Amino acid sequence: MSGQDGIVDAPWISAAQARNAEHIGREIEVRGWVRTRRDSKGGFSFVELNDGSCFGNLQIIAESSLPNYQADIHNLSAGSSIVARGIVQASQGGGQATELLAKQIRVLGIADPQDYPLQKKRHTLEKLREWAHLRPRTNTFGALTRVRNRLSQSVHQFFQEQGFYYINTPIITASDCEGAGQMFRVTTLPLDHLPLEKGKVDFSKDFFGKSSYLTVSGQLEAEIYATALGRVYTFGPTFRAENSNTSRHLAEFWMIEPEAAFFDLQDNMLLAEKFIKRLLRDLLDSCGEDMAFFEERIQPGVIASLRQVMEKPFEHLTYSDAIEILNSSGEKFEYPHAWGCDLQAEHERYLTEKHVRGPLVLYNYPKSIKPFYMRCNDDGRTVAAMDVLVPNVGEIIGGSQREERLDVLLSRLNEMQLQAEDYWWYIELRKFGTVPHSGFGLGFERVVQWVTGLGNIRDCIPFPRTPGSAEF
RNA sequence: UCCUCUGUAGCUCAGUUGGGAGAGCAGGCGGCUGUUAACCGCCGGGUCGUAGGUUCGAGUCCUACCGGAGGAGCCA
């Protein structure tokens, strides 16, 4: 969107560029939305414009000699859209390097302050959720959007540099055997007139000839590609129909799932750590203004804590050691933490927030509490699983080395009373040229929540989908 | 799904043992010779979430439902 790239009319530049002192003296044009207007005692106005290009606003000086000053400019209010042309000059006031002395201001659309919900003052995040069509115009969601974008870019850059191929796994899946929780059914059957067969719905009449659902994970399909091309990753939407009402759950969220052939659990854990550190480094390097806002207004201390994470190696603990630490912690827990039980939120919180005070990689979980595809360890009672936990948010990564031994996989399916036929293609990957391989899933919004310090995951995605809520 | 809290003006909230609704901000008008979230004055604005019930009388008490928040479970 700059004037130099040849895409748009030469004088049009971004507010981010216009705020830079190197443009002083140039005649330029900016296009965006008014954040606020202040009238000077001298009979002219300061109009602050934001076009999304950066956190800060461009201050525009609108003198009363402009032909439409009284009619338009003097009444400009937050949310109005304008095109302003003028000369960039050094700012006479503090707080910004430059300002635009307007030669012309064209008002494209006014936002009537009587009706426009966003005020100059602070709104609660809960209220802004009701205005998801307007909240990107606020400082918080502008910053959030740029942070999300930067993280997305880093995801691709990191995996591309590490030799991973970006693949697209299906959104619609025709098997209900993924076992990762409640799924949303996809159907074209008439719900008021379902075809029945012996009293049950006849899904052979459905669009795909069988039951189909929205995906809860692209992992199994990613394994197909990993065992052909070596290293792959997905970055796509994921759907969970669980009725969970918390600040950490969404019914629709974005997940990144790398899968790598010839990676064992150690390689997998190292990959996860390098990946997270890369995300943090890029974020802190290139989203300074936005992160400074989160630091100042959302969670003081967040930047320092992220820096610390970047500099130190992650702590690693086996599940068994974690249980030992909980046992000898002297801490009072509401839930028990015996070996073989899944760790409760309070346990994870103790481990990350009090014991290690930073990210923690837990691995080698009891096989009884983990899915069939995780690789069985030699001790006969644990699997090569690993989770990455971080303070405040909890689990952001769950992964494992996958069971590559055909006989072991078959007996695990049998143990868990799953039908081998349902997994015929998954099993064939082990029949034909099987290799050790590993992967993990990282919840994108959880990372956003962690790095911004936002308390509720519903504010970490543009349009949150939660039980009872799919507005916009 | 469970537990707890909550729903009063555009926004944030106050409203005392049930007696007829208030403040700040925002907005409108006016004033103020460069300002950078709340300079001064005046003005307008509310079926007190919805539906029942108790009572002479309900924002206030009771019941149900709906929305929101925090925590739990499930998970990423």
Side-chain angles (χ1 to χ4, degrees), chain A residues 35-48 56-64 75 77-79 89 91-96 99 101 111-131 134 138-139 179-182 216-219 236-257 272 297 333-335 342-349 369-371 387-390 393-399 440-450 455-461 466-469 471:
Chain A
R35 276 297 173 80
T36 180
R37 188 201 82 240
R38 293 179 297 275
D39 295 329
S40 141
K41 296 163 193 160
F44 61 97
S45 297
F46 299 97
V47 176
E48 288 204 23
N57 302 324
L58 176 66
Q59 174 162 291
I60 300 169
I61 310 301
E63 301 201 308
S64 54
N75 295 313
S77 56
Q89 59 182 24
S91 179
Q92 293 177 33
Q96 60 276 318
E99 59 192 25
L101 179 62
D112 187 343
Q114 297 270 22
D115 307 325
Y116 189 60
L118 295 178
Q119 300 174 7
K120 272 192 279 184
K121 65 181 236 169
R122 197 170 184 171
H123 282 103
T124 61
L125 293 168
E126 290 82 10
K127 183 53 71 179
L128 290 175
R129 249 169 255 156
E130 295 173 22
W131 302 328
L134 297 174
T138 63
N139 285 336
Q182 290 285 104
V216 294
S217 164
Q219 180 202 318
T238 308
F239 308 89
R240 302 279 165 92
E242 258 122 29
N243 188 14
S244 48
N245 241 307
T246 81
S247 57
R248 293 182 238 56
H249 290 84
L250 293 166
E252 177 183 289
F253 62 98
W254 290 71
M255 189 154 66
I256 295 135
E257 296 181 285
R297 300 299 273 267
F333 295 109
E334 201 177 325
Y335 290 87
D342 218 345
L343 294 178
Q344 305 295 312
E346 57 173 350
H347 306 141
E348 295 183 352
R349 196 158 290 148
I369 58 171
K370 289 291 181 185
D387 286 354
V388 179
L389 312 176
V390 297
V393 176
E395 181 180 349
I396 58 169
I397 281 182
F440 61 80
L442 171 132
F444 190 56
E445 285 72 21
R446 291 243 174 119
V447 170
V448 174
Q449 196 179 357
W450 176 46
N456 196 310
I457 201 166
R458 291 164 202 172
D459 303 320
C460 298
I461 188 168
T466 53
S469 174
E471 190 70 52

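Since this is a predicted model, take the numbers as computed values, not measurements. Every chain is numbered from 1 and lettered A, B, ... according to where its sequence line falls, protein lines coming before strand lines.
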Residue A/Q59, side-chain heavy atoms: nucleotide from B/rA37, B/rA69, B/rU35 that is nearest:
B/rU35
Identity of whatever pairs with B/rA38 - Watson-Crick or G-U, under 3.5 angstrom:
none
For atom CZ of A/F44 and atom P of B/rC32, their distance in whole Å
15 Å
Quote, to the nearest angstrom, the C1' distance that separates B/rG24 from B/rA9.
12 Å
In whole Å, measure the gap between the P atoms of B/rC65 and B/rC3 for me.
12 Å
C1'-based separation of B/rG45 from B/rG22 [nearest Å]:
13 Å
When all nucleic acid strands are considered with a 4.0 Å heavy-atom cut-off, which category describes A/L250: base, sugar-phosphate, or nothing?
base
Does B/rA72 pair with anything, Watson-Crick or G-U wobble, both distances under 3.5 Å, and if so, with which nucleotide?
B/rU1
Inter-nucleotide C1' distance (B/rC40, B/rC56), Å rounded
48 Å
CG/A/L389 to CD1/A/I396 distance, rounded to the nearest 0.5 angstrom?
8.5 Å
Note, A/L125 side chain near A/N456 side chain (heavy atom, < 4.5 Å):
no
Tell me the interatomic distance from A/I457, atom CD1, to B/rC75, atom P, rounded to whole angstroms.
16 Å
Measuring from atom OG of A/S247 to atom CG of A/D459, what distance do you get when rounded to the nearest 0.5 angstrom?
10.0 Å
Atom-to-atom span, CG of A/L58 to P of B/rU36 - whole angstrom:
18 Å
Taking a pair to mean Watson-Crick or G-U wobble geometry with both distances below 3.5 Å, B/rA9 pairs with none
Pi stacking test for A/F444 and B/rA76: under 5.5 Å apart, planes under 30°
no
A/D115 CG to B/rG28 P, straight-line distance once rounded to whole Å:
11 Å
Under 4.0 angstrom, heavy atoms only, what part of the nucleic acid is A/E445 near: base, sugar-phosphate, or nothing?
nothing
Mind checking salt bridge (charged side-chain N to carboxylate O under 4.0 Å, His left out) for A/E63 and listing every partner two or more places apart, or none if nothing turns up?
none
Which nucleotide in the list B/rG70, B/rU35, B/rA76 gets nearest to the side chain of A/F46?
B/rU35
Distance-only donor-acceptor test, A/Q92 side-chain atoms vs B/rU35 base atoms, 3.5 Å
no
Nearest-nucleotide check on RNA chain B, A/G468 vs A/L442; residue mapping nearer the 5' end is A/G468
Which nucleotide in the set B/rU35, B/rA76, B/rG28 lies at the smallest distance from any side-chain heavy atom of A/P113?
B/rG28
When you compare the protein's N or O atoms with those of nucleotides 72-74 of chain B, which come within less than 3.5 Å of each other, and at what distance?
unit_1 : atom_1 : unit_2 : atom_2 : d
B/rA72 : OP1    : A/R349 : NH1    : 3.3
B/rA72 : OP2    : A/R248 : NH2    : 3.1
B/rA72 : O2'    : A/Y335 : OH     : 2.9
B/rG73 : OP1    : A/Q344 : OE1    : 2.4
B/rG73 : N2     : A/N243 : O      : 3.4
B/rC74 : N3     : A/H249 : NE2    : 2.7
B/rC74 : N4     : A/H249 : NE2    : 3.3

What nitrogen or oxygen pairs link the protein and nucleotides 9-11 of chain B at under 3.5 Å?
unit_1 : atom_1 : unit_2 : atom_2 : d
B/rG10 : N2     : A/Q119 : OE1    : 3.1
B/rG10 : N2     : A/Q119 : NE2    : 2.7
B/rG10 : N3     : A/Q119 : NE2    : 2.9
B/rC11 : OP1    : A/K127 : NZ     : 3.4
B/rC11 : O2     : A/K121 : NZ     : 2.9

Partner set under salt bridge (charged side-chain N to carboxylate O under 4.0 Å, His left out) for A/R35, not counting sequence neighbours:
none
Need one value for A/E99: base, sugar-phosphate or nothing, where a base atom within 4.0 Å counts as base even if backbone is also close, heavy atoms only.
base
Identity of whatever pairs with B/rU17 - Watson-Crick or G-U, under 3.5 angstrom
none
Set of ring pair (Phe, Tyr, Trp, His ring centres under 6.0 Å) partners for A/Y335, sequence neighbours left out
none
C1' atoms of B/rC75 and B/rA38, separation to the nearest Å
44 Å
Using the C1' atom as the point on both nucleotides, what is the distance between B/rU6 and B/rA14, in whole Å?
15 Å
Once you round it to whole Å, what is the distance between P of B/rU33 and CZ of A/R38?
18 Å
B/rU1 and B/rG27: how far apart are their P atoms, nearest whole angstrom?
42 Å
Tell me which nucleotide, if any, is Watson-Crick or G-U wobble paired with B/rG45 when both distances must be under 3.5 Å.
none
The salt bridge (charged side-chain N to carboxylate O under 4.0 Å, His left out) partners of A/E48 (sequence neighbours excluded) come to A/R38
Atom pair distance, as rounded to whole Å: CD in A/E348 and C1' in B/rC75:
10 Å
Residues passing the ring pair (Phe, Tyr, Trp, His ring centres under 6.0 Å) test with A/F44, sequence neighbours excluded, are A/F46
Mind checking the C1' distance from B/rC25 to B/rA58? Whole angstroms is fine.
30 Å
Distance from A/I256 atom CD1 to A/L442 atom CG, nearest 0.5 Å?
5.0 Å
I need the CZ-P distance between A/R458 and B/rA76, as an integer number of Å.
18 Å
Proximity to the side chain of A/S469 - top-ranked nucleotide from B/rU35, B/rG68, B/rA76:
B/rG68
Using purine N1 to pyrimidine N3 plus N6-O4 or O6-N4 for Watson-Crick, or N1-O2 and O6-N3 for G-U wobble, each under 3.5 Å, what pairs with B/rC61?
B/rG53
Ring pair (Phe, Tyr, Trp, His ring centres under 6.0 Å) involving A/F444 - partner list, sequence neighbours excluded:
A/F235
Would you please name every residue forming a ring pair (Phe, Tyr, Trp, His ring centres under 6.0 Å) with A/H123, sequence neighbours left out?
A/W131
Round to the nearest Å and state the distance from A/D112 atom CG to B/rA26 atom C1'.
13 Å
Using modelled atom types only, decide if a donor and an acceptor are shared between the side chain of A/R248 and the backbone of A/R446 within a distance under 3.5 Å.
no
